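Step one of this worksheet: look at the structure below.
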Amino acid sequence: MSYGETYKDRGMLKWGGFYLSEHTEMMEDQTKREENVVRQKPQMETATITKIMEEAVIKHKKITIQIEERDLDGHYKPDIIGFIQGNDELGIYIGSTKVVYDEIRNVAFSNELKWSDTNRFSI
């Protein structure tokens with residue numbers, strides 16, 4: 001009896017576990033990417049955008065802005081979050097980021113918790 005007659009190669013079956021773990025990792029990566037996709041917010045009227053930004057300046061409130069720009073996959077970029085630092089005839093400054101008025105799709109007051117609000121939660 002020769003070696004080839006006694007040994008039966010399982011072929012691709014022996015690699016099944018390797019492919020399964022690779023597939024699982026790929027699925028987890030895809031899920032993470034899908035979770036990070038920024039959803040489209042409703043297009044706001046110019047008057048509403050202006051009113052919210054005026055209140056943000058007067059009351060020094062943090063805002064979130066969704067702009068019209070999208071990535072190559074057609075997904076919206078992450079919101080710009082911060083305080084309005086200034087403006088000119090073309091747009092506003094959130095920190096050092098300039099946001100052109102015509103690119104603003106949606107504006108809302110940021111609902112991030114302040115550090116001082118954390119005592120409301122008990123462990």
Side-chain angles (χ1 to χ4, degrees):
M1 216 184 303
S2 70
Y3 179 76
E5 294 174 357
T6 60
Y7 177 74
K8 180 165 172 58
D9 187 14
R10 296 181 297 158
M12 293 303 291
L13 291 176
K14 64 184 174 188
W15 298 102
F18 176 73
Y19 288 124
L20 181 60
S21 65
E22 239 184 32
H23 179 72
T24 303
E25 186 177 319
M26 184 176 67
M27 293 294 288
E28 288 173 357
D29 289 345
Q30 182 178 351
T31 302
K32 286 179 187 176
R33 282 193 306 273
E34 288 173 0
E35 287 174 355
N36 292 329
V37 170
V38 178
R39 305 285 179 220
Q40 178 183 16
K41 295 180 181 179
Q43 176 67 53
M44 296 175 76
E45 298 285 328
T46 304
T48 307
I49 291 171
T50 303
K51 182 179 177 184
I52 292 172
M53 290 194 306
E54 285 174 352
E55 184 176 342
V57 170
I58 292 168
K59 296 184 178 181
H60 194 65
K61 291 184 175 183
K62 187 183 279 190
I63 59 172
T64 64
I65 298 176
Q66 184 176 60
I67 59 173
E68 289 289 348
E69 186 177 354
R70 299 179 197 192
D71 63 16
L72 295 174
D73 295 324
H75 300 124
Y76 285 91
K77 297 203 173 197
D79 291 352
I80 300 167
I81 302 172
F83 296 97
I84 297 176
Q85 302 295 322
N87 68 311
D88 60 21
E89 63 277 351
L90 298 177
I92 61 172
Y93 292 90
I94 305 293
S96 61
T97 305
K98 184 170 185 171
V99 181
V100 178
Y101 293 126
D102 292 341
E103 287 292 314
I104 297 174
R105 176 178 185 75
N106 187 290
V107 177
F109 296 111
S110 177
N111 58 2
E112 293 179 353
L113 291 175
K114 296 185 214 175
W115 69 268
S116 60
D117 292 337
T118 57
N119 62 1
R120 295 185 304 163
F121 304 106
S122 59
I123 299 176

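Not measured: the values here are computed from a predicted model.
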Heavy-atom closest pair (Y101 atom, N87 atom, distance to 0.1 Å) is OH-ND2, 3.4 Å
Identify each donor-acceptor pair in which a side-chain atom of residues 46-60 lies under 3.5 Å from a protein atom, sequence neighbours left out, and give them as a table.
{"residue": "T50", "atom": "OG1", "partner": "T46", "partner atom": "O", "Å": "2.9"}
{"residue": "E55", "atom": "OE2", "partner": "K61", "partner atom": "NZ", "Å": "2.9"}

Taking I63 as the starting point, is it possible to reach I80 by hopping between hydrophobic residues whose side chains are less than 4.5 Å apart?
yes
Can you give me every donor-acceptor pair (side chain of residues 92-100, partner residue at least two apart or in another chain, under 3.5 Å) with its distance?
{"residue": "Y93", "atom": "OH", "partner": "D88", "partner atom": "OD2", "Å": "3.4"}
{"residue": "K98", "atom": "NZ", "partner": "D88", "partner atom": "OD1", "Å": "3.3"}
{"residue": "K98", "atom": "NZ", "partner": "D88", "partner atom": "OD2", "Å": "2.7"}

Under the side chain to side chain donor-acceptor pair (under 3.5 Å) rule, collect the residues that match up with D79, sequence neighbours excluded.
K41
In Å, rounded to the nearest 0.5 Å, how long is the span from CG of N111 to NZ of K62?
10.5 Å
Using the side chain to side chain donor-acceptor pair (under 3.5 Å) criterion, which residues pair with E68? Sequence neighbours excluded.
R105
Is a side-chain donor or acceptor of D71 paired with a backbone partner of D73 at a separation under 3.5 angstrom?
yes
Same apolar cluster (I L V M F W Y, side chains within < 4.5 Å links), V107/F83:
no
Common cluster, I104/I81, ILVMFWY with side-chain heavy-atom separation under 4.5 Å:
no
With E45 via salt bridge (charged side-chain N to carboxylate O under 4.0 Å, His left out) - residues at least two apart
none
By side chain to side chain donor-acceptor pair (under 3.5 Å) - contacts of E69 (at least two apart)
K77
